[in-house]
There are 2 protein chains.
Amino acid sequence: MSRGSDAEREFLEAYEPRDYPSIAVTVDLVVLAVAQGVLHAALVRRGGHPFKGMLALPGGFVAPRESAGDAAARELAEETGLDLGGLPAHIEQLASYSDPDRDPRMRVVSVAHLVLLASDGGALPGLSAGTDAASAAWHPVHAVLESPMAFDHATILRDGLERLAGKMEYTTVAAHLLPAEFTMTQLRSVYEAVWDTQLPAGNFTRKMLPHLAATGRKTQPAVGAPAALFTAEQRHIHPPLSRRRTGPAG
Amino acid sequence: MSRGSDAEREFLEAYEPRDYPSIAVTVDLVVLAVAQGVLHAALVRRGGHPFKGMLALPGGFVAPRESAGDAAARELAEETGLDLGGLPAHIEQLASYSDPDRDPRMRVVSVAHLVLLASDGGALPGLSAGTDAASAAWHPVHAVLESPMAFDHATILRDGLERLAGKMEYTTVAAHLLPAEFTMTQLRSVYEAVWDTQLPAGNFTRKMLPHLAATGRKTQPAVGAPAALFTAEQRHIHPPLSRRRTGPAG
DNA sequence: ATCCTTCTTATCAATCCGACAATAATTGGG
DNA sequence: CCCAATTATTGTCGGATTGATAAGAAGGAT
């Protein structure tokens, strides 16, 4: 940036950051992937107080010279042992959580992020516990939401799931939970895993087809007809897919 | 909360918040209202360095014992002089901005909020400048987005406008820019102001009517037929209204 | 060859959409 | 009082989209 006037440079040199209300800033990660047709979240079990033994989201402090997005990418590797060297994980900011009492130890504002990992539907990438955690493992999201979690992490996980479910109505973001090339059935099963429902195959294809690009290749499945492989074109789906709603909107 | 075990209480009493990377947390406000069929934003002109004389969003520090949402409501009153004693302003969190260099003075993470003020379409509520500002005034959003703003506030304002424009497709959030009771034409003019476009009246009515509740009352306009008064009801609009898009989705 | 499984395409009535026209309810002016 | 002007509301029409369901196509297995 070349916006510095003489007066402004002078001001900045004289400026002394004083005792402004100082708050620790962290990132918490909602890391999602699909296996066996079920949406899973990468969660850690807390090894120390508070909330010892309870499930929590992976996360950690934002370093002095990094943005929240950079911190999210770094903590994803550190806290879960996931090495995304090649795989391009989709990371987007979710929301910030700032209740003064959300952490009993000290004042912490957390910038939550949503992370989508590609998976072929079979085995999930292996996890290894980070610093503060006793263990890290994948848990079925819709089941684990029934039980309590550490801090306000149940709320964050719920918000992350709702964000993903909602965005899948009008974007092709679901493709980030699949390899670069995928079949229509794979994509539909991602929708079914996240929305926790069943979708008619024929109508799903009709609606989704205009928003995908055919590669020309086909799968060689063990049984049944071969399926065409597609890649997602990042675009808006309009009108959106319809998802049966439970309650009113926020 | 009654989750404190003996071991946990013991831990918390012994816990000493040490020198964790400490960052100042602020809120920035995108305050919007409609007047004369044009969407306006409440902006301040900076009275001191850096970015002296440039337009900026109102905002301020989050106090040690308040959440970001509470801080947003407080700063809305302090920085703009708006007293929302009676009027229920709609406040929702937008996103957080955490680039380490976004403020040249010190490390500041800002939790941006979107604020929608009700207006009858005529005069906008009066503004008065707060502490850090030389003046506070309403500016037409679509025009002011063409010129630069202080810090990353142009980005925040753009994000806020896009959030509102998008959410208006599938919710009745636009009603928060109007009094509790409003006519179909008033609501349509809010859509036209935010989307910066024209909408056919007949089709708009057909699409919106199921999501509003008729009060039975009517307006007494100076000229033309009287219009029915509605209140906003159902929150999800499905399928959504269609807005002509410019670029791909995020 | 025939069956089974899975992917893909087709059909059909009901609904919804954009474009546009017609009707209704007022005020103001001759 | 009657008519033009203005604004709100309702109606119409062909085309597109939807949900439900079925038919067709492409393999492998028996």
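Convention: sequence-line order gives letters A, B, ...; per-chain numbering from 1.
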[X] [atom1] - [N] [atom2] separation (whole Å):
| X | N | atom1 | atom2 | answer |
| --- | --- | --- | --- | --- |
| Q220(A) | dA26(D) | CD | P | 13 Å |
| Q186(B) | dT7(D) | CD | C1' | 13 Å |
| R217(A) | dA26(D) | CZ | P | 20 Å |
| N203(B) | dA21(C) | CG | P | 13 Å |

Aromatic ring proximity, centroids under 6.0 angstrom, Y191(A) and F204(A):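 F204(A) vs Y191(A): aromatic centres under 6.0 Å.
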Residue whose closest nucleotide on DNA chain C lies nearer the 5' end, G224(A) versus K207(B):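 The 5'-side residue here is G224(A).
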Pairwise 5' ranking along DNA chain C for P240(B) and P221(B), keeping only the more 5' one: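 Its nucleotide being nearer the 5' end, the pick is P240(B).
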Residue-phosphate contact under 4.0 Å: T205(B) side-chain N/O, dT9(D) OP1/OP2: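 The answer is no; no side-chain N or O of T205(B) sits under 4.0 Å from OP1 or OP2.
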N/O (side chain, S242(A)) to phosphate O (OP1/OP2, dG19(D)) under 4.0 Å: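 Yes, S242(A) has a side-chain N/O under 4.0 Å of OP1/OP2 on dG19(D).
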Sugar-phosphate, base or nothing in reach of T183(A), heavy atoms under 4.0 Å: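 It contacts nothing in the nucleic acid.
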Sidechain-backbone polar pair: K207(B) side chain, P239(B) backbone, donor-acceptor under 3.5 Å: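 Looks like yes, one N/O pair under 3.5 Å.
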Base dG19(D) paired with R206(A) side chain (donor-acceptor, <3.5 Å):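 Checked by distance alone, the answer is yes.
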